[in-house]
2 protein chains.
Amino acid sequence: MSITHLQSFVAVAEEGHVGRAALRLHITQPPLSRHILALEDELGTPLFERVPKGMRLLPTGEALLHHARRILAEVDVATRTVREAAQGSGAASKPPA
Amino acid sequence: MSITHLQSFVAVAEEGHVGRAALRLHITQPPLSRHILALEDELGTPLFERVPKGMRLLPTGEALLHHARRILAEVDVATRTVREAAQGSGAASKPPA
DNA sequence: ACGTCCAATGCTGTTCCGGCATGACGCGGC
DNA sequence: GCCGCGTCATGCCGGAACAGCATTGGACGT
């Protein structure tokens with residue numbers, strides 16, 4: 001389970017469509033499809049129902065979506081917080097000279 | 001920024017020592033050292049002060065540690081929650097036959 | 001029955017990554 | 001002052017992981 005896989009999962013969940021999610025993530029469809037399969041394999045359960053129109057979220061997928069968004073948001077907050085702390089302390093990237 | 005890197009970071013932060021953290025993570029010291037360097041590079045600021053005894057957490061590092069623990073805990077919860085939801089719904093891994 | 005649209009798979013070149021050996025640096029003992 | 005020890009960092013290499021291309025397999029609509 002990697003952050004990249006979670007980003008892929010959220011994109012597919014929101015688009016309901018692997019190809020469209022791939023465009024959004026600036027990758028191609030096959031690796032994105034594999035990301036989802038890898039997640040499903042790791043968790044031991046399918047996350048989407050494959051329907052003719054694309055991918056429909058299963059209950060397990062909805063459960064994951066909730067946590068995945070939280071995780072991604074937390075990663076974002078962590079990044080910003082550390083960068084702010086770095087600026088506040090006079091960091092390596094921004095020596096006030 | 002990957003989950004593996006965050007695990008590495010937390011281990012080093014808690015041990016204050018790359019070599020010992022490496023033992024705990026069952027990897028060797030060089031890749032672990034590189035994980036920390038990669039994080040510092042990505043965030044644009046050092047996270048540890050290198051002291052003769054090992055690695056001392058900087059304020060930026062403490063800020064990250066807080067969020068890193070939260071993220072890792074959330075990943076754990078996500079994994080368990082989905083697996084439980086899968087069992088509750090009659091999942092692929094456990095067909096009741 | 002055929003064409004269309006979708007995800008999944010086979011394959012290949014590249015990139016990433018871990019481990020081994022070694023280097024660079026600082027400290028302490030002598 | 002010199003040497004030895006302990007620490008993290010770096011050069012290198014072999015294997016695994018990954019993205020993209022081309023293609024397949026399957027389902028629906030017409």
Side-chain angles (χ1 to χ4, degrees), chain A residues 1-62 64-65 68 72 75 91-93, chain B residues 1-62 64-65 68 72 75 91-93:
Chain A
M1 161 124 50
S2 74
I3 289 171
T4 301
H5 285 174
L6 292 179
Q7 289 171 331
S8 298
F9 168 75
V10 171
V12 172
E14 288 179 358
E15 298 287 345
H17 194 287
V18 176
R20 199 171 298 275
L23 289 176
R24 180 162 131 190
L25 296 171
H26 304 294
I27 63 175
T28 54
Q29 176 259 323
L32 182 47
S33 182
R34 279 189 276 253
H35 289 182
I36 304 301
L37 291 172
L39 269 179
E40 291 180 330
D41 182 70
E42 179 176 353
L43 293 171
T45 182
L47 298 169
F48 292 95
E49 178 188 2
R50 275 70 173 175
V51 294
K53 297 290 212 90
M55 311 276 275
R56 186 204 311 267
L57 214 52
L58 291 172
T60 50
E62 292 196 29
L64 180 60
L65 182 57
L72 295 177
V75 168
S93 309
Chain B
M1 162 122 52
S2 74
I3 289 171
T4 301
H5 285 173
L6 291 179
Q7 288 171 331
S8 298
F9 168 75
V10 171
V12 171
E14 287 179 359
E15 298 287 345
H17 194 288
V18 177
R20 198 170 300 274
L23 290 176
R24 179 161 130 189
L25 296 171
H26 305 293
I27 62 174
T28 54
Q29 175 260 322
L32 182 47
S33 183
R34 279 190 275 252
H35 289 182
I36 303 302
L37 291 172
L39 269 179
E40 292 179 330
D41 182 68
E42 181 175 353
L43 293 171
T45 181
L47 299 168
F48 292 97
E49 179 188 2
R50 274 68 171 176
V51 295
K53 297 291 212 86
M55 312 275 276
R56 188 204 310 268
L57 213 53
L58 290 173
T60 50
E62 292 196 28
L64 179 59
L65 181 57
L72 295 178
V75 169
S93 309

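Chain A is the first sequence line, chain B the second, and so forth, proteins listed ahead of strands; every chain is numbered from 1.
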Close side-chain approach of B:Glu14 and B:Arg24, heavy atoms under 4.5 Å: yes
Side chain proximity check, A:Phe9 to A:Leu72, heavy atoms < 4.5 angstrom: no
Rounded to whole angstrom units, what separation is found between the [atom1] atom of [X] and the [atom2] atom of [N]?
X: B:Leu25; N: C:dC17; atom1: CG; atom2: P; answer: 16 Å
X: B:Met55; N: C:dG26; atom1: CE; atom2: P; answer: 16 Å
X: A:Arg20; N: C:dC5; atom1: CZ; atom2: P; answer: 12 Å
X: A:Glu40; N: C:dA7; atom1: CD; atom2: P; answer: 13 Å
X: B:Glu49; N: D:dT7; atom1: CD; atom2: C1'; answer: 14 Å
X: B:Leu23; N: C:dG18; atom1: CG; atom2: C1'; answer: 15 Å
X: A:Leu39; N: C:dA8; atom1: CG; atom2: C1'; answer: 16 Å

Exam field: side chain B:Thr60 to backbone B:Pro46, donor-acceptor pair closer than 3.5 Å: yes
A:Ser8 side chain vs A:Thr4 backbone, donor-acceptor pair below 3.5 Å: yes
B:Ser33 vs D:dC8: side-chain N/O to OP1/OP2 distance below 4.0 Å: no
Short side-chain N/O contact to D:dA9 OP1/OP2 from B:Arg50, under 4.0 Å: yes
Derivation and outcome, side chain to side chain contact (heavy atoms under 4.5 Å, CB included), residues B:Leu47 and B:Leu58: CA-CA 5 Å; B:Leu47 299 168; B:Leu58 290 173; 5.9 Å; no
Touch class at under 4.0 angstrom, heavy-atom based, for B:Leu37 against every strand present: sugar-phosphate
Relative orientation of the end axes in the helix from C:dA1-D:dT30 to C:dC30-D:dG1, expressed as an angle to the nearest 10° (five pairs per end): 20°
Pairing residues for B:Glu40 by the side chain to side chain donor-acceptor pair (under 3.5 Å) criterion, not counting sequence neighbours: B:Arg50
For A:Glu42, all residues meeting side chain to side chain donor-acceptor pair (under 3.5 Å), sequence neighbours excluded: none
Residues A:Val75, B:Met1; criterion side chain to side chain contact (heavy atoms under 4.5 Å, CB included); working and verdict: CA-CA 8 Å; A:Val75 168; B:Met1 162 122 52; 4.2 Å; yes
Listed once per pair and sorted, the salt bridge (Lys or Arg N to Asp or Glu O under 4.0 Å) pairs that draw on residues 2-13 of chain A, sequence neighbours left out: none
Strand contacts (DNA chain C) in residues 8-17 of chain B, 4.0 angstrom heavy-atom criterion: none
Nearest atoms (heavy-atom pairs only) where B:Ala13 meets B:Leu65: CB-CD1, 4.0 Å
Criterion side chain to side chain contact (heavy atoms under 4.5 Å, CB included) on B:Met55 and B:Glu49, from CA distance to verdict: CA-CA 6 Å; B:Met55 312 275 276; B:Glu49 179 188 2; over 6 Å; no
Contact pattern, 5' to 3', of nucleotides 13-30 of chain D - B, S or - by protein heavy atom under 4.0 Å: ------SBBB----SS--
